[in-house]
Colleague: 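Below is one structure. I have some questions about it.
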Amino acid sequence: MTTKRVRVHHLREAKERGERLTMLTAYDAVTASIFDAAGIDMLLVGDSIGNTMHGYRTTLPVTVEEIIVAARAVAGAAQRAFVVADLPFGSYEAGPEQALATAVRVMKETGVSAVKFEGGKRVAAQVRALTEAGIPVVGHLGYTPQSENLLGGPRVQGRGDEAAERLSADAVALAEAGAVAVVLEMVPAPVAERITEILMIPTIGIGAGTAVDGQVLVWVDMAGMGDWSPRFAKRFGEVGAALKAAASAYADEVRSGSFPDADHQFDA
Ligand SMILES: Nc1nc(=O)c2c([nH]1)NC[C@@H]1CN(c3ccc(C(=O)N[C@@H](CCC(=O)O)C(=O)O)cc3)CN21
Ligand SMILES: CC(C)C(=O)C(=O)O
Ligand SMILES: [Mg+2]
């Protein structure tokens with residue numbers, strides 16, 4: 001692992017070398033600098049900020065303004081990681097002009113290195129327009145949470161020959177339009193493997209098995225912050241419990257009068 005900044009060409013080089021890419025979401029400067037120091041290659045300012053940080057039931061209410069505030073903090077804190085911002089629901093679907101206007105605003109106001117949005121062939125024209133404008137695009141296929149009302153909830157996508165074929169065709173369409181990577185969410189492992197073989201650009205899986213070029217998780221799931229997380233999200237820590245213990249210890253010492261002690265106050 002290098003300590004130089006991760007740039008767009010490193011993504012494809014990592015795939016060519018068979019080096020797996022690591023990606024986590026981040027929504028603020030505090031966590032972004034921790035994950036950057038841990039050597040995470042890519043930080044995603046996901047629209048999952050709506051669920052995880054703002055308590056929304058879905059990603060649908062998330063606004064461009066909410067993404068911009070978070071993305072500016074993450075891009076400012078990351079020294080090495082490649083930072084990607086999600087375009088939220090309603091900010092790119094209308095066509096290449098809308099997508100370009102949103103993406104240009106995000107790039108100008110945040111300092112991220114790329115944007116990501118959901119969909120296959122239906123957004124290929126948007127991917128092409130942004131790429132032609134010099135903005136790297138990460139695709140997102142499989143379970144696409146912004147379409148949860150149409151998909152009928154969080155369900156594995158691409159099961160069965162026909163659905164797998166459609167998913168592969170969508171992945172190829174994104175790559176041909178210029179996407180620099182594609183996230184595969186809740187896709188059967190063999191289907192994700194097949195797409196990974198076909199594409200020259202890296203695939204980044206979440207609930208898509210191990211035969212992909214990288215993995216992404218929502219950081220609160222990865223760190224064990226909440227009491228619920230999707231089945232595909234392994235808890236690599238119990239940070240929620242550690243944070244609760246710290247808050248309780250603080251409260252106990254305040255109530256007993258043992259904090260602040262001599263070391264944590266000022267003499268006359
Ligand atoms: N905390 C969090 N983690 C995520 O991975 C995540 C978000 N939020 N918000 C945005 C999207 C939504 N995602 C979701 C949301 C729900 C399920 C879910 O309920 N999964 C169930 C059922 C899976 C099935 O039908 O097979 C599960 O038990 O995992 C999965 C992914 C993934 N993203
Ligand atoms: C789950 C990842 C891929 C995402 O899009 C998000 O966090 O918003
Ligand atoms: Mg997202």
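Because the structure is predicted, anything quoted here is derived from the model rather than measured. Whatever order the structure lists them in is the order used to number ligands and atoms, beginning at 1.
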Colleague: Write down the atom of I195, the atom of S168, and the distance for their closest heavy-atom approach.
Modeller: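 So the minimum-distance heavy-atom pair works out to CG1-OG, 3.6 Å.
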
Colleague: At a 4.0 Å threshold, what atoms of ligand 1 neighbour a non-hydrogen atom of P230?
Modeller: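 Near P230, meaning under 4.0 Å from one of its heavy atoms, ligand 1 has 3 (N), 4 (C), 5 (O), 29 (O), 30 (C), 31 (C).
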
Colleague: If we check side chain to side chain contact (heavy atoms under 4.5 Å, CB included) with L141, which of these qualifies: T203, D170, V187, V183?
Modeller: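 For L141, the side chain to side chain contact (heavy atoms under 4.5 Å, CB included) test succeeds with only one of T203, D170, V187, V183, which is D170.
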
Colleague: If every non-hydrogen atom of L174 is compared with every non-hydrogen atom of G139, which pair is closest and at what distance?
Modeller: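 Taking every non-hydrogen atom into account, CD1-CA, 4.0 Å.
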
Colleague: Hey, what's the ring geometry for Y250 with F259, parallel, tilted or perpendicular (30° and 60° as the breaks)?
Modeller: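 The arrangement is perpendicular - the two ring planes meet at more than 60°.
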
Colleague: Give the residue, atom name and distance (to 0.1 Å) of the protein heavy atom nearest atom 1 (C) of ligand 2.
Modeller: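 For this ligand atom, the closest protein heavy atom is I206 CD1, 3.7 Å.
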
Colleague: Spell out, yes or no, whether L60 and F117 are grouped together once hydrophobic residues are joined by side-chain heavy atoms under 4.5 Å, including indirect joins.
Modeller: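 They do not share one cluster, since no chain of ILVMFWY contacts under 4.5 Å joins L60 to F117.
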
Colleague: If you measure from atom 16 (C) of ligand 1 to every heavy atom of W228, W219, F232, Y143, which option wins on shortest distance?
Modeller: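 The option holding the nearest heavy atom is W228.
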
Colleague: State the atoms of ligand 2, each with its element, that fall below the 4.0 Å cut-off from a heavy-atom position in H140.
Modeller: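 Answer, ordered by atom number: 3 (C), 5 (O).
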
Colleague: When you measure from atom 3 (N) of ligand 1 to every protein heavy atom, which one gives the shortest distance, and what is it?
Modeller: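 Minimum-distance protein heavy atom for atom 3 (N) of ligand 1 reads D221 OD2, 2.6 Å.
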
Colleague: With a cut-off of 6.0 Å (strictly less than), are more than 12 heavy atoms of other residues, nucleotides or ligands near CG of D263?
Modeller: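 Yes - once you tally the heavy atoms of other residues, nucleotides and ligands closer than 6.0 Å, there are more than 12.
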
Colleague: Any chance you could lay out the side chain to side chain contact (heavy atoms under 4.5 Å, CB included) test for V172 and I198, step after step, and finish with the verdict?
Modeller: CA-CA 8 Å; V172 169; I198 294 170; 3.9 Å; yes

Colleague: Side chains of D36 and S33: donor-acceptor distance under 3.5 Å anywhere?
Modeller: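 No, no side-chain donor-acceptor pair sits under 3.5 Å.
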
Colleague: Within the 3.5 Å criterion, strictly below it, is a donor on Y56 or E66 matched to an acceptor on the partner's side chain?
Modeller: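 Side-chain D/A pair, Y56 to E66: present.
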
Colleague: Report the part of L44 (side chain from C-beta onward, or backbone N, CA, C, O) that has a heavy atom under 4.0 Å from ligand 2; answer both or neither where that applies.
Modeller: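 The answer is the side chain.
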
Colleague: Quick one: look up the protein heavy atom nearest atom 6 (C) of ligand 1 and list residue, atom name and how far away it is.
Modeller: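 Answer for atom 6 (C) of ligand 1: V218 CG2, 3.8 Å.
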
Colleague: Taking non-hydrogen atoms only, is L217 closer than 4.0 angstrom to ligand 1 via side chain, backbone, both or neither?
Modeller: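 Neither part.
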
Colleague: With sequence neighbours excluded, tell me which residues meet salt bridge (charged side-chain N to carboxylate O under 4.0 Å, His left out) with D86.
Modeller: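 D86: salt bridge (charged side-chain N to carboxylate O under 4.0 Å, His left out) contacts with K116.
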
Colleague: Among R235, M222, M23, find the residue that satisfies the side chain to side chain contact (heavy atoms under 4.5 Å, CB included) test when tested with L217.
Modeller: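 The option that passes is M222.
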
Colleague: Among all protein heavy atoms in this structure, tell me which lies nearest to atom 7 (C) of ligand 1, with the distance rounded to 0.1 Å.
Modeller: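 Minimum-distance protein heavy atom for atom 7 (C) of ligand 1 reads S48 CB, 4.0 Å.
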
Colleague: For T59, counting its heavy atoms only, list the atoms of ligand 1 lying under 4.0 Å from any of them.
Modeller: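 The atoms of ligand 1 under 4.0 Å from a heavy atom of T59 are 10 (C).
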
Colleague: Below 4.0 angstrom, N of the basic side chain to O of the carboxylate: do R155 and E148 qualify?
Modeller: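 The answer is no: the pair does not qualify as a salt bridge.
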
Colleague: Going by the atom numbers of ligand 2, which of them fall below 4.0 Å from some non-hydrogen atom of G46?
Modeller: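 Listed by number with element: 6 (C), 7 (O), 8 (O).
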
Colleague: If you leave out waters, which protein N, O or S atoms are less than 2.8 Å from the Mg ion (ligand 3)?
Modeller: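 Correct list: D47 OD1, D86 OD2.
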
Colleague: Measuring from the heavy atoms of M23, does anything fall under 4.0 Å of ligand 2?
Modeller: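 No heavy atom of M23 comes that close to ligand 2.
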
Colleague: Quick test: of every protein heavy atom, which one is nearest to atom 5 (O) of ligand 2, and how far off is it to 0.1 Å?
Modeller: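 Ranking protein heavy atoms by distance from atom 5 (O) of ligand 2, first comes K116 NZ, 2.8 Å.
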
Colleague: For N51, counting its heavy atoms only, list the atoms of ligand 1 lying under 4.0 Å from any of them.
Modeller: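 Within the 4.0 Å cut-off of N51, ligand 1 contributes 9 (N), 10 (C).
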
Colleague: For a salt bridge (Lys or Arg N to Asp or Glu O under 4.0 Å) with D213, tell me which candidate from K15, R20, R17 qualifies.
Modeller: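 Single pass found, and it is K15.
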
Colleague: Using a 4.0 Å heavy-atom threshold (strictly under), name the region of P154 that reaches ligand 1: side chain, backbone, both or neither.
Modeller: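 Near ligand 1, P154 shows its backbone as well as its side chain.
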
Colleague: Give the residue and atom name of whichever protein heavy atom lies nearest to atom 27 (C) of ligand 1, and the separation in Å to one decimal.
Modeller: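 Closest protein heavy atom to atom 27 (C) of ligand 1: R231 N, 3.7 Å.
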
Colleague: List the closest protein heavy-atom neighbour of atom 23 (C) of ligand 1: residue, atom name, distance to the nearest 0.1 Å.
Modeller: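 Going atom by atom, the protein heavy atom closest to atom 23 (C) of ligand 1 ends up being M186 CE, 3.6 Å.
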
Colleague: Would you check if there is a donor-acceptor pair between the side chains of Y92 and E97 at a distance under 3.5 Å?
Modeller: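 No, no side-chain donor-acceptor pair sits under 3.5 Å.
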
Colleague: After noting the C-alpha distance and the side-chain angles of I201 and L11, does the key distance pass the side chain to side chain contact (heavy atoms under 4.5 Å, CB included) rule?
Modeller: CA-CA 8 Å; I201 58 171; L11 308 182; over 6 Å; no

Colleague: Please assess Y27 against L43 for the test side chain to side chain contact (heavy atoms under 4.5 Å, CB included), listing each intermediate value before the final yes or no.
Modeller: CA-CA 9 Å; Y27 314 108; L43 297 178; over 6 Å; no

Colleague: Tell me: protein heavy atom nearest atom 6 (C) of ligand 2, and distance?
Modeller: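 Closest protein heavy atom to atom 6 (C) of ligand 2: S48 OG, 3.3 Å.
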
Colleague: Where is the nearest protein heavy atom to atom 11 (C) of ligand 1: which residue, which atom, and how far?
Modeller: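 Looking only at protein heavy atoms, the one closest to atom 11 (C) of ligand 1 is P145 CG, 3.5 Å.
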
Colleague: Under 4.0 Å from ligand 2, counting heavy atoms only, is it the side chain of T25, its backbone, both or neither?
Modeller: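 The side chain, only.
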
Colleague: If the cut-off is 4.0 Å to any non-hydrogen atom of D86, which atoms of ligand 2 fall inside it?
Modeller: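 Here the atoms of ligand 2 in question are 4 (C), 5 (O), 6 (C), 8 (O).
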
Colleague: Taking atom types as modelled, find out whether T25 and S48 have a side-chain donor-acceptor pair closer than 3.5 angstrom.
Modeller: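 No donor-acceptor contact under 3.5 Å links the two side chains.
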
Colleague: By number and element, which atoms of ligand 1 are closer than 4.0 Å to a non-hydrogen atom of T52?
Modeller: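 It comes down to these atoms of ligand 1: 1 (N).
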
Colleague: Under 3.5 Å between some N or O of ligand 2 and some N or O of D47?
Modeller: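 Looking only at distances, the answer is yes, because the N/O contact criterion of under 3.5 Å is met.
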
Colleague: Less than 4.0 Å between a side-chain N and a carboxylate O, is that true for D41 and R80?
Modeller: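 Yes, R80 and D41 are salt-bridged.
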
Colleague: Please write down residue, atom name and distance for the protein heavy atom closest to atom 13 (N) of ligand 1.
Modeller: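 Nearest neighbour among protein heavy atoms for atom 13 (N) of ligand 1, to 0.1 Å: E185 OE2, 3.5 Å.
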
Colleague: Tell me the contacting part of T59 for ligand 2: side chain, backbone, both, or neither, using a 4.0 Å heavy-atom threshold, strictly below.
Modeller: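 Within the 4.0 Å criterion, T59 makes no contact with ligand 2.
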
